[in-house]
Amino acid sequence: MVDRQIKNLTIDAERLWDNLMLTAKIGATPKGGICRLTLTEFDREARDWFKAQAQALGCTVTVDDMGSMFARRPGQRADIPPIAMGSHLDTQPTGGKFDGALGVLAALEALHTLHRAGYETFAPIEVVNWTNEEGARFAPSMIASGVFAGVYGRDWACARADRGGETFGGALDKIGYRGAQRCGEHRLSAFFELHIEQGPYLEAEGKDIGIVTGVQAMRWYEMTIIGQDTHAGTTPMPRRHDALLGAARVVESVNRSARQFPSAVGTVGILEVKPGSPNVVPGEVFLTMDLRDPDAAVIDRIEQEIAAQARGIGRELGLEIAIKTISSEPAVQFDAGCVAAVRTAAKISGYSARDMISRAGHDAAFVSRVAPAAMIFVPCKDGISHNEAEYSSKEQCAAGAQVLLQAVLDYDRRLAERLGSE
Ligand SMILES: [Zn+2]
């Protein structure tokens with residue numbers, strides 16, 4: 001009986017799509033994207049819309065002191081923490097219509113579906129809008145879920161300033177979204193996040209759903225290469241200590257070392273050359289390095305190889321090369337029970353699916369430190385994201401929303417079996 005009820009709940013693909021297109025107008029860019037930076041007037045407008053929609057479905061909306069919003073639909077048991085689903089409503093400056101918004105609006109659509117069917121869940125169900133996932137206005141990204149999970153301190157987070165000098169805390173007050181609840185005190189039974197893949201794998205393999213089992217590890221480094229500034233006309237080639245030549249070889253080494261492992265990626269994203277004159281041999285270069293792999297041990301090996309090659313480059317060219325690790329995010333393994341719920345949901349909904357890891361950071365990665373969590377991916381065209389051309393079809397969005405709803409219901413059913421007789 002329960003199984004049949006769950007199978008009969010179908011989300012409304014048209015309404016989900018209409019809501020995606022409607023909210024995309026808040027901060028719309030001429031090229032079809034969205035510029036809705038966190039805690040701006042546009043963000044406030046999107047938040048107000050979300051709050052009104054949730055309240056119209058009978059939900060109670062609470063806001064924590066980092067501005068994250070929780071819209072709760074009661075279940076049979078008020079004493080059990082809610083099963084939550086959601087993502088973020090902020091975007092990059094030239095963001096697309098789906099990154100973040102899909103996860104929140106699909107969750108809202110799931111609530112609509114439960115509401116319409118009069119379906120009573122065992123645990124309360126919540127939709128969450130996490131503040132500042134993107135980190136485009138206030139660095140770092142995922143700041144609110146980071147405080148929620150105890151990774152960042154609240155005061156430190158509220159003191160982050162944008163380029164105009166306005167603080168995160170000040171911006172929260174300005175749009176009226178500094179809530180009364182202390183961030184992190186809001187307990188969750190589980191958290192599910194639907195997101196576009198932001199990569200090419202699902203589309204390339206013709207799969208509908210990505211069952212996300214974890215998030216890859218990431219490490220950031222800064223490297224300083226010191227040589228000698230000398231006259232570009234009078235210094236013979238054998239006498240040079242050219243820091244930029246050393247940097248060029250390091251960039252090549254990062255690429256080559258990462259390529260030895262099929263799942264690893266390595267990037268040099270910033271290169272600053274000093275003194276920066278056409279007729280001076282560069283005496284100093286600063287560069288950044290970003291290494292990622294699902295397995296931190298692989299990053300260790302790449303790091304060791306690059307360090308060894310940098311020593312060789314330094315010896316050969318007469319350069320001092322210093323490498324400093326500036327951040328290290330461990331790999332995340334999502335909760336087996338939540339991943340199983342997503343797998344079951346994809347199967348009973350009739351969608352093709354594959355297991356995968358997330359290549360980007362997401363709120364669910366931080367939330368997983370304090371509550372069982374998992375993610376669902378849907379394909380996006382050409383794997384393009386953080387771009388105004390970002391696109392997933394109506395059917396792809398609907399498939400994700402359907403799996404999200406079914407995963408939450410599957411988890412709820414298992415929670416009821418475990419705790420129902422208490
Ligand atoms: Zn996102």
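Indexing begins at 1, ligand by ligand and atom by atom, following the structure's order. Model, not experiment: these values are computed from the prediction.
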Original post:
Is it the case that Q260 and R301 place a side-chain donor and acceptor less than 3.5 Å from each other?
Top reply: no
Original post:
Does anything in residues 140-169 pair up under ring-ring contact (aromatic ring centres under 6.0 Å, His included), and if so which pairs, sequence neighbours excluded?
Top reply: W130-F148, F138-F168, Y152-W156, Y152-F366
Original post:
Which one of D48, N129, D64, D65 satisfies the side chain to side chain donor-acceptor pair (under 3.5 Å) criterion with Y177?
Top reply: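 Considering D48, N129, D64, D65, a side chain to side chain donor-acceptor pair (under 3.5 Å) with Y177 is found only for D48.
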**OP:** Say whether, by atom type as modelled, one donor and one acceptor occur between the side chain of Q406 and the main chain of S349 under 3.5 angstrom.
**Re:** no
Original post:
Which count of protein N, O or S atoms is obtained for distances strictly below 2.8 Å from the Zn ion (ligand 1)?
Top reply: 3
Could you pull out all donor-acceptor pairs under 3.5 Å where a side-chain atom in residues 372-383 meets a protein atom, sequence neighbours excluded?
none

**OP:** Name all residues meeting the side chain to side chain contact (heavy atoms under 4.5 Å, CB included) criterion together with R187; count only those two or more places apart in sequence or in a different chain, and write none if there are none.
**Re:**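 For R187 the side chain to side chain contact (heavy atoms under 4.5 Å, CB included) partners, ignoring immediate neighbours, are P81.
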